[in-house]
A.B. asks: 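I'd like to ask you about the structure that follows.
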Amino acid sequence: MSVKIRLQRHGKKGKPFYWIVAADARSKRDGRYLEKLGVYNPNTNPATIDLNLDQAVTWLHNGAQPTDTARAILSYKGALMKHHLDGGVRKGALTQEQADAKLAKWLEEKANKVTAKTEGLSKAKADAKAKSLKAEKAASEKRAAAAVEAAKEEVAEEVAEVEAPEAAAEVEAPAVEETATEVVAEEAPVAEEPAAEVAAEEAPAADEAPAAEEANEETEA
C-alpha cells in the first residue's frame with residue numbers, strides 16, 4: 001500500500017484550515033486517513049502549524065511520500081531535517097547525540113527567524129496604526145480650523161449686515177441737508193428779482209416828469 005502525507009481540507013468557505021494526515025494514496029483527499037499528524041492554518045500571519053514531529057518522521061522512515069505542500073510544511077517544521085539526520089545515524093556517519101544537537105540548533109535558528117518575522121509584522125502593524133492615527137489627527141485639526149474660519153466669516157457677515165443700515169443713514173442725512181440748501185439757494189434770487197423789476201419800471205416815470213413840465217412852459221409862452 002502506497003502512503004502519502006497530505007492535507008485534508010476543513011473549515012468554512014473562504015476560511016479553510018487543513019489537517020496534515022497520512023493516508024492511502026488511493027483514497028479521496030477528504031476521505032479516510034490512517035493517522036492525523038497535525039494542523040495547518042494559513043489564515044494567520046505567519047501561518048500556524050502544529051505538527052507531531054516524531055510521528056511524521058516515523059512515516060517518512062516507513063516510506064510515506066509527502067505532497068509538495070506537505071513537504072514544504074515538513075521542511076519548515078524540521079521533519080525532513082530529522083529524517084536526514086536519522087539516516088546519517090543509521091549509516092554511522094554521526095552519533096545520535098550529534099544528530100540531536102544539530103537538530104536542536106537548527107530548530108533554534110528557525111524559531112529565531114519566526115520570532116523576528118513576527119516582531120517585524122507587529123512593528124509594521126503598530127507603525128501603520130500610528131501613521132493612520134496621525135493622519136486622522138491632522139485631518140481632524142484641519143476640519144476644526146476650517147470650522148473656526150467659517151465661524152469667523154459668518155460673524156463678520158453678520159456685523160457687516162448690522163453696520164450697513166447705519167452707514168446708509170449717515171449717507172442719506174448729508175443728502176437731505178444739501179437738498180435743503182439747494183432749495184434755499186434757488187428761492188432767494190426769486191424774491192429779489194421782482195424788486196429789481198419794480199425799480200426798473202419806476203425809473204422811467206421819474207424821467208418823464210421834466211418832459212411834462214417843459215410842455216407846460218411852452219404852452220404858457
A.B. asks: Does CG belonging to N112 count more than 12 external heavy atoms closer than 6.0 Å?
C.D. replies: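 Yes, enclosed.
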A.B. asks: Should R29 and T67 be marked as a side chain to side chain donor-acceptor pair (under 3.5 Å) after you check the CA-CA gap, both sets of side-chain angles, and the distance that decides it?
C.D. replies: CA-CA 12 Å; R29 185 198 66 175; T67 61; over 6 Å; no
A.B. asks: Taking the side chain as C-beta and beyond, is there a heavy-atom pair between I73 and P66 under 4.5 Å?
C.D. replies: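 A side-chain contact under 4.5 Å is absent here.
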A.B. asks: Main chain of A128, side chain of S132: is a donor-acceptor contact present, judged purely on distance under 3.5 Å?
C.D. replies: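 No, because the side chain of S132 does not come within donor-acceptor range (under 3.5 Å) of the backbone of A128.
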A.B. asks: Testing the basics here: between P16 and P42, what is the closest heavy-atom pair and its distance to 0.1 Å?
C.D. replies: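 Of all heavy-atom pairs spanning P16 and P42, the closest is O-CD, 3.6 Å.
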A.B. asks: Under the side-chain contact (heavy atoms from CB on, under 4.5 Å) rule, collect the residues that match up with H10, sequence neighbours excluded.
C.D. replies: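 Residues passing side-chain contact (heavy atoms from CB on, under 4.5 Å) with H10: Q8, F17, W19.
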A.B. asks: Is any side-chain heavy atom of D127 closer than 4.5 Å to a side-chain heavy atom of K131?
C.D. replies: no
A.B. asks: Verify the neighbour count for atom NZ of K110: are there more than 12 heavy atoms of other residues, nucleotides or ligands below 6.0 Å?
C.D. replies: yes
A.B. asks: Measuring from R9:CZ to D30:CG, what's the distance to the nearest 0.5 Å?
C.D. replies: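 One gets 8.0 Å once the value is rounded to the nearest 0.5 Å.
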A.B. asks: Can you tell me how far apart CD (E157) and CD (E154) are? Round to the nearest 0.5 Å.
C.D. replies: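 Going from CD on E157 over to CD on E154, the span is 7.5 Å.
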A.B. asks: Quick one: closest heavy-atom pair of W106 and K77, and the distance?
C.D. replies: CZ3-C, 4.1 Å
A.B. asks: Are Y33 and L60 connected into the same hydrophobic cluster when the rule is that any two of I, L, V, M, F, W, Y join if their side-chain heavy atoms are below 4.5 Å apart?
C.D. replies: no
A.B. asks: Decide whether V89 and M81 are clustered together by the hydrophobic rule: side chain heavy atoms of Ile, Leu, Val, Met, Phe, Trp, Tyr closer than 4.5 Å, transitively.
C.D. replies: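 Yes, one cluster joins them.
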A.B. asks: Could you state whether V114 and L107 fall into the same hydrophobic cluster, counting links through intermediate Ile, Leu, Val, Met, Phe, Trp or Tyr residues with side-chain heavy atoms under 4.5 angstrom apart?
C.D. replies: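 Each belongs to a different hydrophobic cluster.
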A.B. asks: Side chains of R90 and H61, heavy atoms from C-beta outward: is any pair under 4.5 Å?
C.D. replies: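 Result yes, sub-4.5 Å side-chain heavy-atom pair found.
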A.B. asks: Sequence neighbours left out, what passes salt bridge (charged side-chain N to carboxylate O under 4.0 Å, His left out) with D100? Give chain and number order.
C.D. replies: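 Scan of D100 (salt bridge (charged side-chain N to carboxylate O under 4.0 Å, His left out), adjacent residues dropped) gives none.
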A.B. asks: Is L80 reachable from V3 through a run of I, L, V, M, F, W or Y residues, each pair having side-chain heavy atoms under 4.5 Å apart?
C.D. replies: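 Per the 4.5 Å side-chain linkage, V3 and L80 are co-clustered.
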A.B. asks: Check R26 with D24, please: is the shortest side-chain N to carboxylate O separation under 4.0 Å?
C.D. replies: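 Salt bridge flag = yes for R26 with D24.
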A.B. asks: Using side-chain heavy atoms (C-beta onward) and a distance below 4.5 Å, is R71 in contact with Q65?
C.D. replies: yes
A.B. asks: Quick one: pull up OH in Y18 and OG1 in T69 and give me the separation to the nearest 0.5 Å.
C.D. replies: 8.5 Å
A.B. asks: Report yes if some heavy atom in the side chain of L37 is under 4.5 Å from a heavy atom in the side chain of L51; otherwise report no.
C.D. replies: yes
A.B. asks: Are the side chains of L74 and H83 in contact, using a 4.5 Å heavy-atom criterion?
C.D. replies: no
A.B. asks: Could you give the distance from CD (Q98) to CG (L85), rounded to the nearest 0.5 Å?
C.D. replies: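 With rounding to 0.5 Å, CD (Q98) is 10.5 Å from CG (L85).
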A.B. asks: Assigning hydrophobic clusters by single linkage (Ile, Leu, Val, Met, Phe, Trp, Tyr; side-chain heavy-atom cutoff under 4.5 Å), is W59 placed with V57?
C.D. replies: no
A.B. asks: Residues in side-chain contact (heavy atoms from CB on, under 4.5 Å) with T44, at least two apart?
C.D. replies: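 Per chain and number, T44 pairs via side-chain contact (heavy atoms from CB on, under 4.5 Å) with N41, T48.
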A.B. asks: Could you tell me whether the side chain of L53 reaches within less than 4.5 Å of the side chain of K82, counting heavy atoms only?
C.D. replies: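 Heavy-atom side-chain distance check passes, below 4.5 Å.
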A.B. asks: Do you know the tightest heavy-atom contact between A25 and R6?
C.D. replies: O-NH1, 4.0 Å
A.B. asks: Return the CD1 to CD distance between I5 and Q55, rounded to the nearest 0.5 Å.
C.D. replies: 10.5 Å
